[in-house]
Every structure is written in C-alpha cells, then in structure tokens.
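Numbering of ligands and ligand atoms starts at 1, following listing order.
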Amino acid sequence: MSGNSYDYDLFVIGGGSGGVRAARRAAMLGKRVGIAEEYRFGGTCVIRGCVPKKLFVYASQFSEAHEDAAGYGWSFGERSFDWPTLIANKDREIERLENLYAANVAKTGAQIFNTRAVIEGPHEIRLQEEDRVVTADQILVAVGGRPNPHPGLPGAEHCITSEEAFHLKELPKSILILGGGYIAVEFANIFQGLDVDTTLVYRGKEILNGFDDDLRHELHQAMVEKGMTVRCQDTLVAVKQLPDGRMEAHCDSGEVRVVDQVMLAIGRKANTENLGCEAAGIALDTRGGIVVDEYSRTTAGNIWAIGDVTHRVQLTPVAIHEAMCFVETEFRGNPSKPDYTTIATAVFSQPEIGTVGLTEAEAAKAHDEIEIYKTSFRPMKNTLSGRSGRMLMKLIVDAASRKVVGAHILGADAGELGQVLGIALKAGVTKDQFDATMAVHPTAAEELVTMYEPTYRVRGGETITG
Ligand code: NDP
C-alpha cells in the first residue's frame, strides 16, 4: 500500500504536550493527521503535572508572603486558607487550557478522536470508543506515563500519588511523602507552605539525586528550617489504615508515623500496558518503556515514540523538542536528532532550584581542572522581613577552555534565572564574558557577573583552595 492509500499520513496516540505538537506541525505541513486522546487534551503537564503543580506552588507561597509583609509595615487580619476554593479555581484554569489545546489542534485541520486507541498492526489503530480500525502510514506513540503505584509496598492501596493530590476533597493536616525526586520535593514544599505537617522520607543519602550537592544540602536545610521533617536513608515498609481513616506509616528504621495521608512519589512508569506494542513489533525496555533510536523511531520502522513513554528525559520541553525533530525527520526530509545536552531545569521547591549543565561532581570527572565560583547571601527582600533564608549561586568553569559548564541557583525565581542561563551556556559562554557583563543593580542575579575570583579549584579530583 502506498502512503496515500492509508486513512492518515500520521496517526498520533496521546494528546499531551509531545503528541499535540507533532500533530499540529504535521497538519500544518498539509499532512492528513488523526490524533486520539483517551482522557483529556493537555496530558500530564497540563492536566495533572507542571501546570496545576505551579498553581499549587503559588498558593503555598502566600503564607510566607503574609508573614514577610509585617516587616514592610503591613498588617492583615487572621490568616485562613480555603482548599476547595483553590481546587475549584485550579480546575477552571485547567479546563480552559485543555479546551485551548484541543482547539489549537482542530485549527490545523488534524482530526481529533476522544477515545482510547490501541495498535493492532504496523499501520492499524483501533479506536476503542468507536469500535473501528483506522490506518495510517506513520504512527506516533506519545502516551506518556503515570506514577509508580509501588505494588510491593503492603498498604500501597491506601496511599495517594500526585494524581490524587490534585483532587483531594480536604487538605490533610499531616502528610508523609515517600521519594526524594522532583515530585516528592515539590509537593513536600507545597504542603508545608499550606501549613500541613509534612514529613519527607527518602531512601538515599540526600534528596534530589543527580543535582549539585551544594544545592541538595542547602535545600534540605531550608526545608528543615521551615519546620518540615526530612528523613534520609529510610523508606516505607508498610502503610496501615486506622479505624479513624488515618494512616499508620511504618518506616524501615522502625519509626511509625500516624498521618492523614501518605503520598508516593517514587518515579513514573510508561503507559505501554495493553497498547498493542507486541502486535506491531515495538520493543520495550525492562521497565516497559518504548525503545527508540536517536531519531525516536521504534523497532517497528514506521512507528515512532516520543516523550515520557520512551524513558528518556521526562520533561515537557524535551517531549516537545522530540516532536519537532520527528516532524523534521519524517515529513520535511531533514533528519534531526533531539539534542539532550545542556537542558536547563527547575525544581519548584521553596526555595526554588534553577540549574543547567554539569554538577561540580560531574565537571570534576569530565575536566582536568575546574574553577568553582560560589556565593551564598541573604537576599535583600529578607532584610526587612527578617526571614533567614539565603540564596546560593554557583558557577562551574572548565579552566582550560574558560567555558562555564554548569550554573546552579537556589533561591527566589531560580527557575526563571535557569532559563536565561540555559541560553548562555548553550551558546558556550565563557567566564570572561560573564565578567565583562555589566551588573543589573540591585538584583540578586548581579552576583552571577561579580564573582571575579574562584572560591576554589578542583584539579585531578582534588580540591585546591587559595
Ligand atoms: P524522580 O525520578 O525524580 O524521583 C523518584 C524518587 O523516588 C527518587 O528519589 C528515587 O530514589 C525514589 N524511589 C524510586 N523507587 C523507589 C522505591 N522503590 N522506594 C523508595 N523510593 C524510591 O521521579 P518523580 O516521580 O519525582 O518525577 C518523575 C519525573 O517527572 C521526574 O524525573 C522529572 O523528570 C519529571 N518532573 C519534572 C518536574 C520539573 O521539571 N519541575 C516536576 C515534576 C516531575 P533514588 O534517587 O534513590 O533513585
């Protein structure tokens, strides 16, 4: 069968950030595109991830803002917080975005199917709601993932994940969160900011494995100073529900905590179950993710996969980038491999993390000699408010090339700074160009261009001061 005898040139399974971008781009090139989404357009990021999470982060920051205002002369009545109001307003905003996502797809001429779709053969897709099969020359799988439900944990069925956290009927008075990654840390800070008694339990030595060690330690300290309990090198071994509905969380250390909710945030699993991958010859990795080559092509030649389902880098902008590369490769005759180097990222903890490039440990391994420029200071806003939090900035420079190979920030608006630093590092900026840049005064970010002397150097793995 030639490409034109199929119902579609491209059929996309999954209406999240990656799938929607690919469908729109291909349709705008005049391709006949179909896209199926079984739940809600927008996917993890818009419906149950980045967007509602950030709205929750904003909500949780008002408690500190309220306290900080006093030093600036403000006084308010007694503070109170209404969880149902936040949920209702958040839901309204998510619905608006969902409609916008679907409308933007429809505008390009792509055909939308609100149904679960499964692969029945190399070119066949079954639309379950309509109980019929459509055919496509190319198929793109962009079905994302879902939280690991931790089936090995006795009592896991009593626990919530980030999915349920967005729809809780009541704000818990206390919560225990298992995990030390993005989701565990962000939600721990959200709940703490909403005055929930919060405990974080993480199996490793320090939270946020893979991030620069200084940021990990400083954030841990800041979370403890806010009143959170952080238990590292421990994990949950069982969760029991008490007759009053509360949870008894049993830790490996022997500690038992009684809390209103236990939340699991221990990573996400690809949504490949019952998708029909076997029928089409799509190979999966040991954790159920779809195996792809560097162009996002699966082991079935005309089927592609992008985003979280491929277990590469689980970030929205990466899925979107992979979608654009896929369309370039397949529909514009311009083979394009996604570029995974120097990805800036943020953790919306409080204080926030913004980071790009190599950590100190990675840079010390990759380069013979590195220079570390580091500063920690009390941001100006914290002077009159009396808040104790500090801001940390760190630049890592390859001594030989003078290139800044890592930039790490902990503090207010670090995510915003991370984005801008991402441009500079992607362009291969040198430390001398940082030094030649005029400061913007008074800002916190001016510290980035006024750290003239290295705090220390690391040569051959050894730290050299002075
Ligand atoms: P992460 O991979 O970030 O973290 C998972 C955490 O769970 C790690 O601390 C891990 O420990 C721990 N863990 C894994 N298995 C177990 C287990 N069996 N028992 C106890 N602990 C366990 O996953 P998340 O779920 O936090 O987030 C999923 C992805 O979503 C992230 O990787 C990120 O890419 C993306 N995301 C991005 C955000 C952003 O950009 N701001 C926000 C939220 C999510 P260990 O470190 O020891 O392996």
Distance-minimising heavy-atom pair for D234 and V201: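 Closest approach of D234 to V201: O-CG1, 3.5 Å.
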I need the atoms of ligand 1 closer than 4.0 Å to a non-hydrogen atom of [X], numbered in the order shown.
X    : value
R268 : 28 (C)
T235 : 20 (C)
N209 : 46 (O)
K53  : 41 (N), 42 (C)

Hey, is ligand 1 close enough to [X] that some N/O pair sits below 3.5 Å?
X    : value
L315 : no
F348 : no
G181 : yes
I183 : yes

Closest non-hydrogen protein atom to [atom], residue and atom name please, with distance?
atom                    : answer
atom 9 (O) of ligand 1  : G180 N, 2.9 Å
atom 2 (O) of ligand 1  : G267 CA, 4.4 Å
atom 16 (C) of ligand 1 : R203 NH1, 3.3 Å
atom 42 (C) of ligand 1 : E186 OE1, 3.2 Å
atom 34 (O) of ligand 1 : Q314 O, 2.7 Å
atom 38 (C) of ligand 1 : Y182 CD2, 3.2 Å
atom 45 (P) of ligand 1 : Y202 OH, 3.4 Å

salt_bridge(D339, K426) N-O dist < 4.0 Å: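 K426 and D339: salt-bridged.
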Ion pair check, R40 and E98, cut-off under 4.0 Å: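 Yes, this pair counts.
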Check whether any side-chain heavy atom of [X] sits under 4.5 Å from a side-chain heavy atom of [Y], and report yes or no.
X    : Y    : answer
R146 : E273 : yes
F187 : I175 : no
S63  : L194 : no
Y295 : E330 : no

Distance-only donor-acceptor check, side chains Y340 and E322, under 3.5 Å: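 There is such a pair (donor and acceptor under 3.5 Å, judged by atom type) between the side chains of Y340 and E322.
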Sub-4.0 Å heavy-atom contact, A346 with ligand 1: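 It does; at least one heavy atom falls under 4.0 Å.
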Passing candidate, side-chain contact (heavy atoms from CB on, under 4.5 Å) with V230, options T198, I207, L219: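 When T198, I207, L219 are each tested with V230, the side-chain contact (heavy atoms from CB on, under 4.5 Å) holds only for I207.
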I343, I266, V313: member with heavy atom nearest to atom 21 (N) of ligand 1: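 Looking at heavy atoms only, the winner is I266.
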Plane angle bin for F166 and F56 - parallel if under 30°, tilted between 30 and 60°, otherwise perpendicular: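 Tilted: the ring planes of F56 and F166 meet at 30° to 60°.
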NZ or CZ of K53 within 45° of F348 ring axis and under 6.0 Å: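 Judged by the rule, K53 and F348 form no cation-pi pair.
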